[in-house]
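Everything below concerns the one structure shown next.
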Amino acid sequence: MTRTARAFWLRSPGHGEIREVALPGPGPGEVVVRTLYSGVSRGTETLVFRGGVPDSQRTAMRAPFQDGAFPGPVKYGYLNVGLVEEGPRSLRGRTVFCLYPHQTRYVVPASAVTPVPEGVPAPRAVLAGTVETAVNAAWDAAPLLGDRIAVVGAGMVGASVAAVLARFPAVRVQLVDARPERAEVARALGVDFALPEGAAGDRDLVVHASATEQGLARSLELLAPEGTVLELSWYGDRRVSLPLGEAFHSRRLVVRSSQVGTVSPARGARRGYADRMALALELLADPAFDALVTGECGFEELPRVLPGLASGELPGLCHRVRYADGSAVPPG
């Protein structure tokens with residue numbers, strides 16, 4: 001019997017739809033996963049939805065289980081939590097995280113899924129991909145005891161980074177954002193908050209995640225001499241101007257990039273992708289991370305909801321997608 005699933009596809013920039021897709025039978029070493037929840041990454045995924053992936057970055061921007069190609073039609077996404085229905089006995093019946101798009105059921109190698117720890121609720125586990133980025137950023141940043149740190153941009157990534165860095169001993173973290181309502185998120189995460197004009201200066205490290213030119217310029221202003229800006233923002237096809245005159249050279253400032261596609265060189269020799277993801281899921285045992293989920297819809301509503309997320313009409317951080325039975329045809 002041919003099995004089917006339903007998947008969200010970007011038909012063309014700004015236009016999404018639900019499609020029925022054939023579900024292959026699992027081969028040796030593969031699992032069948034029924035999706036429970038998926039998450040919309042507001043930064044990268046809404047940029048894809050708008051058709052903002054530059055030609056030069058289309059290969060680098062591919063998601064692990066993407067179908068199609070940019071700008072569309074494409075099936076894109078990478079925050080998926082589901083239940084293993086078929087596969088190795090050690091995984092059957094387990095709740096797992098996978099870097100898979102929005103789809104009711106899917107078949108992947110068993111090595112592509114990470115079991116969700118018992119202390120982490122499945123709805124919160126959709127944040128694992130974002131917290132994994134924060135783990136990688138923390139490895140790149142390598143904060144020292146007592147460091148004064150600002151995180152500029154309180155989106156999904158910035159808020160996750162602030163939450164992770166705040167758990168370092170004696171490190172003081174301030175989350176900076178132009179939206180006053182993000183103070184509530186900072187409070188839930190246990191970190192200080194400031195608007196850009198009121199942010200504390202003389203920072204040893206600034207992590208920039210606002211994806212704005214103004215945010216990057218402000219990040220440089222907040223640094224102490226010989227401080228570092230760790231740049232996490234991805235600007236797609238936008239050009240960004242940076243004030244490298246004035247006191248940039250005399251203060252010996254540094255701007256470094258960080259990208260989750262590669263395990264940080266600080267840990268790459270001893271940690272792999274699976275280790276990094278397992279650590280991210282372990283951190284999600286903290287209920288404070290629930291503050292990052294600010295909206296939810298059903299899977300069938302996704303074509304109507306994503307335009308609002310991409311335009312900013314629907315504000316917030318992570319938007320969670322809930323699923324019903326996962327497929328029109330049960331496994332046989």
Side-chain angles (χ1 to χ4, degrees), residues 41 43-44 57 60-64 78-79 97 99 111-112 114 117 120 127-176 189-191 202-211 215-216 219-220 222-235 242 248 251-286 288-289 292:
S41 171
T44 303
Q57 295 299 304
M61 279 288 297
R62 286 191 64 86
Y78 47 83
L79 301 174
F97 178 86
L99 297 168
S111 59
T114 304
V120 179
L127 297 167
T130 306
V131 176
E132 181 191 19
T133 300
V135 168
N136 207 58
W139 285 346
D140 277 336
L144 298 177
L145 189 71
D147 269 359
R148 296 158 297 182
I149 301 173
V151 178
V152 177
M156 283 180 66
V157 171
S160 296
V161 170
V164 170
L165 292 179
R167 282 147 180 77
F168 280 73
V171 164
R172 288 166 284 174
V173 178
Q174 186 174 69
L175 188 57
V176 180
L189 296 175
V191 299
D202 204 31
R203 303 292 93 181
D204 302 295
L205 168 71
V206 177
V207 179
H208 180 239
S210 81
L216 182 53
S219 296
L220 285 170
L222 296 177
L223 282 177
E226 300 192 359
T228 296
V229 170
L230 188 71
E231 176 61 279
L232 296 185
S233 300
W234 193 74
Y235 299 90
L242 188 60
F248 178 80
R251 297 174 64 218
R252 300 179 59 84
L253 304 182
V254 175
V255 179
R256 286 188 55 208
S257 65
S258 177
Q259 213 278 335
V260 72
T262 301
V263 175
S264 169
R267 291 294 179 272
R270 301 184 297 280
R271 302 286 192 278
Y273 293 100
D275 299 309
R276 191 176 65 183
M277 180 61 75
L279 176 55
L281 281 162
E282 181 181 325
L283 291 171
L284 282 169
D286 188 342
F289 283 99
L292 303 186

Check: Would you call R267-D275 a salt bridge at under 4.0 Å N-O?
Finding: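 Salt bridge between R267 and D275, a charged N being under 4.0 Å from a carboxylate O: no.
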
Could you pull out the closest heavy-atom pair between [X] and [Y], with the gap in Å?
X: A128; Y: A280; answer: O-CB, 3.7 Å
X: V263; Y: G268; answer: CG1-CA, 3.8 Å
X: L223; Y: T228; answer: CD2-O, 3.3 Å
X: G215; Y: S210; answer: CA-OG, 3.6 Å
X: L175; Y: A162; answer: CD1-CB, 4.0 Å
X: A211; Y: H208; answer: N-CE1, 3.8 Å

Does any non-hydrogen side-chain atom of [Y] lie less than 4.5 Å from one of [X]?
X: L283; Y: V135; value: yes
X: V161; Y: V173; value: no
X: D140; Y: P265; value: yes
X: R271; Y: L279; value: no
X: S233; Y: E231; value: yes
X: L232; Y: S257; value: no
X: M156; Y: L79; value: yes
X: L220; Y: L242; value: yes

What is the distance from atom [atom1] of [X] to atom [atom2] of [Y], rounded to the nearest 0.5 Å?
X: Y273; Y: T114; atom1: OH; atom2: OG1; value: 13.5 Å
X: R172; Y: D147; atom1: CZ; atom2: CG; value: 9.0 Å
X: L222; Y: L205; atom1: CG; atom2: CG; value: 11.5 Å
X: M61; Y: W234; atom1: CE; atom2: CH2; value: 4.0 Å
X: Y78; Y: E132; atom1: OH; atom2: CD; value: 10.5 Å

Item checked: Side-chain (D204) to main-chain (A224) donor-acceptor, under 3.5 angstrom ->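 No.
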
Notebook entry, point to check: Are any side-chain N or O atoms of R276 and backbone N or O atoms of V260, one a donor and one an acceptor, separated by less than 3.5 Å?
Noted result: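 Here the side-chain-to-backbone pair exists.
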
Item checked: Audit row: T133, S160, side chain to side chain contact (heavy atoms under 4.5 Å, CB included) steps and yes/no -> CA-CA 8 Å; T133 300; S160 296; over 6 Å; no

Next item on the list: Apply the test side chain to side chain contact (heavy atoms under 4.5 Å, CB included) to residues L253 and V229: give CA-CA distance (whole Å), side-chain angles for both, the deciding distance (0.1 Å), then the verdict.
Entry: CA-CA 8 Å; L253 304 182; V229 170; over 6 Å; no

Next item on the list: Check whether more than 12 heavy atoms from other residues, nucleotides or ligands sit under 6.0 Å from atom CZ of R251, and answer yes or no.
Entry: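 Atom CZ in R251 is crowded, with more than 12 foreign heavy atoms closer than 6.0 Å.
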
